[in-house]
K.L.:
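Would you mind keeping the following structure in view while I ask a few things?
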Amino acid sequence: MSDESPANGPSSDDPTGDDPAGSGLEAEKLRRLQQVDDLRAAGQNPYPYRFDRTHTLGDIRAEWGELEPGTETEHAVSVAGRIMLKRDSGKLIFATIRDRTDEVQLFISKAVVGDDEFAAVKALDLGDWVGVDGTVMTTRKGELSVKPERVELLSKAVRPLPDKWHGLSDVDTRFRQRYADLIVNADARRNFEIRHETVASFRRTLATHGFIEVETPVLHPEVGGAHARPFTTHHNALDMPLYLRIAVELYLKRLIVGGMERVYEIARTFRNEGVSTRHNPEFTMMELYQAFGDWNDVMDITEELITTAARDALGTTELEIGGQQIELADPWPRKRMVDYASEGTGVDLHPSMPIDDIRKVAADHDVFVESYWGPGKIIEELFEKTAEADIVRPTFVTGHPVEISPLARVDRNDPHLTERFELFVDGRELANGYSELNDPVEQRARFEDEQAAKEAGNDEAGTVDEDYLRALEYGMPPTGGLGIGIDRVAMLLAGVDSIKEVILFPTLRPEVF
RNA sequence: GCUUCUCUAGCUCAAUUGGCAGAGCAGUGGACUCUUAAUCCAUUGGUUCUGGGUUCAAGUCCCAGGGGAAGCACCA
């Protein structure tokens, strides 16, 4: 376990220059570092401070992408990028450089740049950043190129890139060295563009509906707003425990009490639970609250947010989900959780039924039941066991039992259920929302039920939040609320199966160097 | 936390029944003024994750440990 051996192998920061018999990597780094020294000795800076760029590579392609093969232009441009490929052909060097927008070829002619500069270009490595002043042209075969008059090294890479064709495939390395992953894997870059477009689209959609973005505390003195184990920390000066937030619900609803009417927060949220393809200990949730609305308004806006994000990020609202072609713009089905559970088990289930009867159904379906669970919690477990995984197309599962929904308002037509929904797509929960409970007396009773459950052994149950109750006592208007898992929406739109593919730096055990 | 799988050169991957640890790319040297993963010739580079064990012989089999992945469980 503990490795306190003093002999810790050859260290990379050992600058004892002349060791040609090092490993391949060490020898390569030494060679490149030597080049850095040589450049400095020749009065050049291998790490200059800035470069003036006139065009991105995308600009170049947009403006001159249609040039005929074999065209030389007088258009002088300055571009910059990382050298991704290099083809040395005697007195010509072809190099492919890439910036954030595109890749473009450099057509470097010894006759144009001169012998010294040509030799300097020849010495450049894959991975180096360069800035180029030159003219736009196309080769005889029609490849859009910049013909440099000058090539300036902007930053020397002293570590070699991963394989130029295969990229990085080892997932451990991809996630630990995300920088390298992004350099060589176009799919990785695409996933994070989709994530960005999703969040940007959400913000635009919410702005059109008059929502304002707010920021509430990450450090909470009390755990609330969801059922989850928190990360616990300690404030030294105040000498008090604090919890990283597991949800932002209770703070945002305080703002509704304050009259802000329509608020949202894109909130990094922390839950001290397992890591899986669908879970990271820190993840991003977008929560919104809308005064004077109820769960139906919130389901509508959920559809709009995700459908619009698909259009903005992918240019289409038709997605392949679980092997099926799904048109997101079609209305999303809404179906009660008790109906799913009843169909799944073949027994008519309802939270009003006797606890012993429902425990028997659970036993018949190999669903483990804790002693303190009531009928509502067991119905949820039965739903998850018998139905959840089969939901492919976006579907609102509605009417969660009161027992498992301490912050949701009771269904106006059924006192055992709430006006609550969860959005499921491809067997995964993406969102959760409801008509918000705004009666302070009932909310206190629900909190006290939670407190009792906690004392009965449910360590994820909440406690009584006195300040939140005080806020409700001032009066909260009728309100609809929503929480959407941003990471999971990004997974859906990117078409990936692991949450790590849409989190730049997913939580991993620390690497041993 | 449990089960299974996995770890070989900087990267991507081979290695038959346990029998000399290999290739492509990258790198180095050379040729080439229209290449496109350029091509051609030559070539450097290894604590096979770590530590034990079995064996004449271990990348390969066994034990322990470490990293990762998938599934389970928990959750969103």
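The basis for the numbers below is simple: all heavy atoms, side chains too, and nothing from hydrogens, waters or symmetry mates. Residue numbers start from 1 in every chain, and the chains themselves are labelled A, B, ... in the order their sequence lines are given, proteins ahead of strands.
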K.L.:
With P as the reference atom in both, quote the distance from B:C7 to B:G45 in angstrom, rounded to an integer.
P.N.:
25 Å

K.L.:
Which nucleotide, if any, forms a Watson-Crick or G-U wobble pair with B:A76, using both distances under 3.5 Å?
P.N.:
none

K.L.:
Check the distance between B:A38's P and A:Ile93's CD1 and give it to me in whole angstrom.
P.N.:
13 Å

K.L.:
Could you tell me how far B:U17 sits from B:A26 if I compare only their P atoms? Round to whole Å.
P.N.:
33 Å

K.L.:
When you measure from the side chain of A:Leu85, which nucleotide among B:U33, B:A76, B:A37 comes out closest?
P.N.:
B:A37

K.L.:
Would you kindly give the CG-to-C1' distance between A:Asp88 and B:A31, to the nearest whole Å?
P.N.:
10 Å

K.L.:
Any carboxylate oxygen within less than 4.0 angstrom of a Lys/Arg side-chain nitrogen, looking at A:Lys253 and A:Glu249?
P.N.:
yes

K.L.:
Check this one for me: any side-chain N or O of A:Arg428 less than 4.0 Å away from OP1 or OP2 of B:A76?
P.N.:
no

K.L.:
What orientation do A:Phe424 and A:Phe383 show, parallel under 30°, tilted 30 to 60°, or perpendicular over 60°?
P.N.:
perpendicular

K.L.:
Of all the nucleotides listed (B:G10, B:A69, B:G68), which has the minimum atom distance to the side chain of A:Lys500?
P.N.:
B:A69

K.L.:
Return the nearest nucleotide to the side chain of A:Gln105; candidates are B:U33, B:G68, B:U36.
P.N.:
B:U36

K.L.:
Between A:Glu381 and A:Phe368, is there a donor-acceptor pair closer than 3.5 Å when you use the side chain of the first and the backbone of the second?
P.N.:
no

K.L.:
Please tell me if A:Lys86 has a side-chain N or O lying less than 4.0 Å from either OP1 or OP2 of B:G27.
P.N.:
no

K.L.:
From the options B:U36, B:U33, B:G67, select the nucleotide whose nearest atom is closest to the side chain of A:Arg509.
P.N.:
B:G67

K.L.:
Within the 4.0 Å heavy-atom criterion, would you say A:Asn185 contacts the bases, only the backbone, or no part of the nucleic acid?
P.N.:
nothing

K.L.:
For the pair made of CG in A:Leu161 and P in B:C11, what is the distance, rounded to whole Å?
P.N.:
12 Å

K.L.:
Report which part of the nucleic acid A:Gly167 touches: base, sugar-phosphate, or nothing (heavy-atom distance under 4.0 Å, all strands).
P.N.:
sugar-phosphate

K.L.:
In the structure shown, which nucleotide is the Watson-Crick or G-U wobble counterpart of B:G59, with both distances under 3.5 Å?
P.N.:
none

K.L.:
B:U48 pairs with which nucleotide, Watson-Crick or G-U wobble, both distances below 3.5 Å?
P.N.:
none

K.L.:
I'd like the C1' distance from B:U8 over to B:G22, given in whole Å.
P.N.:
10 Å

K.L.:
OP1, OP2 of B:A26 versus side-chain N and O of A:Lys164: anything below 4.0 Å?
P.N.:
yes

K.L.:
For A:Phe94 and B:A38, is the gap between ring centres under 5.5 Å while the planes differ by less than 30°?
P.N.:
no

K.L.:
Identify whether any heavy atom of A:Asp163 sits under 4.0 Å from a base atom; if not, whether one sits that close to sugar-phosphate; answer base, sugar-phosphate or nothing.
P.N.:
base

K.L.:
Determine which nucleotide pairs with B:U4, using a 3.5 Å limit on both distances of a Watson-Crick or G-U wobble pair.
P.N.:
B:A69

K.L.:
Over how many whole Å does the gap from A:Glu143 atom CD to B:U36 atom P extend?
P.N.:
11 Å

K.L.:
Looking at the base of B:G27, is there any donor atom on it, or on the side chain of A:Asp125, that sits under 3.5 Å from an acceptor on the other one?
P.N.:
no

K.L.:
Would you say A:Ser276 places a side-chain N or O within less than 4.0 Å of OP1 or OP2 belonging to B:C74?
P.N.:
no

K.L.:
Minimum heavy-atom separation for A:Val248 and A:Glu287, please, with both atom names.
P.N.:
N-OE2, 3.1 Å

K.L.:
If you look at every strand shown and take non-hydrogen atoms under 4.0 Å, does A:Thr139 touch a base, only sugar-phosphate, or nothing?
P.N.:
base

K.L.:
Of all the nucleotides listed (B:A76, B:G68, B:A26), which has the minimum atom distance to the side chain of A:Leu126?
P.N.:
B:A26

K.L.:
Output the rounded distance in Å from CZ (A:Arg174) to P (B:C11).
P.N.:
15 Å

K.L.:
What is the separation between atom CE on A:Met84 and atom P on B:U36, rounded to the nearest whole Å?
P.N.:
18 Å

K.L.:
Would you indicate which nucleotide in B:U12, B:A69, B:U33 comes nearest to any side-chain atom of A:Ala111?
P.N.:
B:U33

K.L.:
Please give, in whole Å, the distance from B:G10 C1' to A:Arg31 CZ?
P.N.:
12 Å

K.L.:
Looking at the side chain of A:His166, which of B:U12, B:G68, B:C74 is the nearest nucleotide?
P.N.:
B:U12

K.L.:
Hunt down the Watson-Crick or G-U wobble partner of B:U16, both distances under 3.5 Å, from any strand shown, or write none.
P.N.:
none

K.L.:
Once you apply the 3.5 Å cut-off to both distances, tell me the Watson-Crick or G-U wobble partner of B:G27, or none.
P.N.:
B:U43

K.L.:
Any donor-acceptor pair under 3.5 Å linking the side chain of A:Thr101 with the backbone of A:Asp99?
P.N.:
no

K.L.:
When you compare B:U55 with B:U16, how far apart are their P atoms, in angstrom units rounded to a whole number?
P.N.:
23 Å

K.L.:
For B:U6 and B:A42, measure between their C1' atoms and round to the nearest Å.
P.N.:
37 Å

K.L.:
Expressed in whole Å, how much space separates the C1' atoms belonging to B:C41 and B:A21?
P.N.:
25 Å

K.L.:
In whole angstrom, give me the gap between the C1' atoms of B:A37 and B:U12.
P.N.:
13 Å

K.L.:
The side chain of A:Arg87 is closest to which nucleotide in this list: B:A76, B:G67, B:A38?
P.N.:
B:A38

K.L.:
From B:C25, B:A76, B:C34, pick the nucleotide closest to the side chain of A:Ser89?
P.N.:
B:C34

K.L.:
Taking the six-membered ring for Trp, are A:Phe94 and A:Phe107 closer than 6.0 Å centroid to centroid?
P.N.:
yes

K.L.:
Among the candidates B:G71, B:A76, B:C34, find the nucleotide nearest to the side-chain atoms of A:Arg271.
P.N.:
B:A76

K.L.:
For nucleotides B:U47 and B:A9, find the distance between their C1' atoms and express it as a whole number of Å.
P.N.:
13 Å

K.L.:
Does A:Lys335 qualify as a cation-pi partner of A:Tyr340, given the criterion of NZ or CZ under 6.0 Å from the six-membered ring centre and within 45 degrees of its axis?
P.N.:
yes

K.L.:
For A:Ser498 and B:A69, is the shortest distance between a side-chain N/O and OP1 or OP2 below 4.0 Å?
P.N.:
no

K.L.:
Which heavy atom in A:Leu161 sits nearest to a heavy atom in A:Arg82, and how many Å separate them?
P.N.:
CD2-NH1, 4.4 Å

K.L.:
Which sits closer to the 5' end of RNA chain B, A:Gly90 or A:Gly274, going by the nucleotide each is nearest to?
P.N.:
A:Gly90

K.L.:
Could you state the atom-to-atom distance from CG of A:Leu25 to C1' of B:A26 in whole Å?
P.N.:
11 Å

K.L.:
Any donor and acceptor pair, going by atom type alone, linking the side chain of A:Arg189 with main-chain N or O of A:Leu182 inside 3.5 Å?
P.N.:
yes

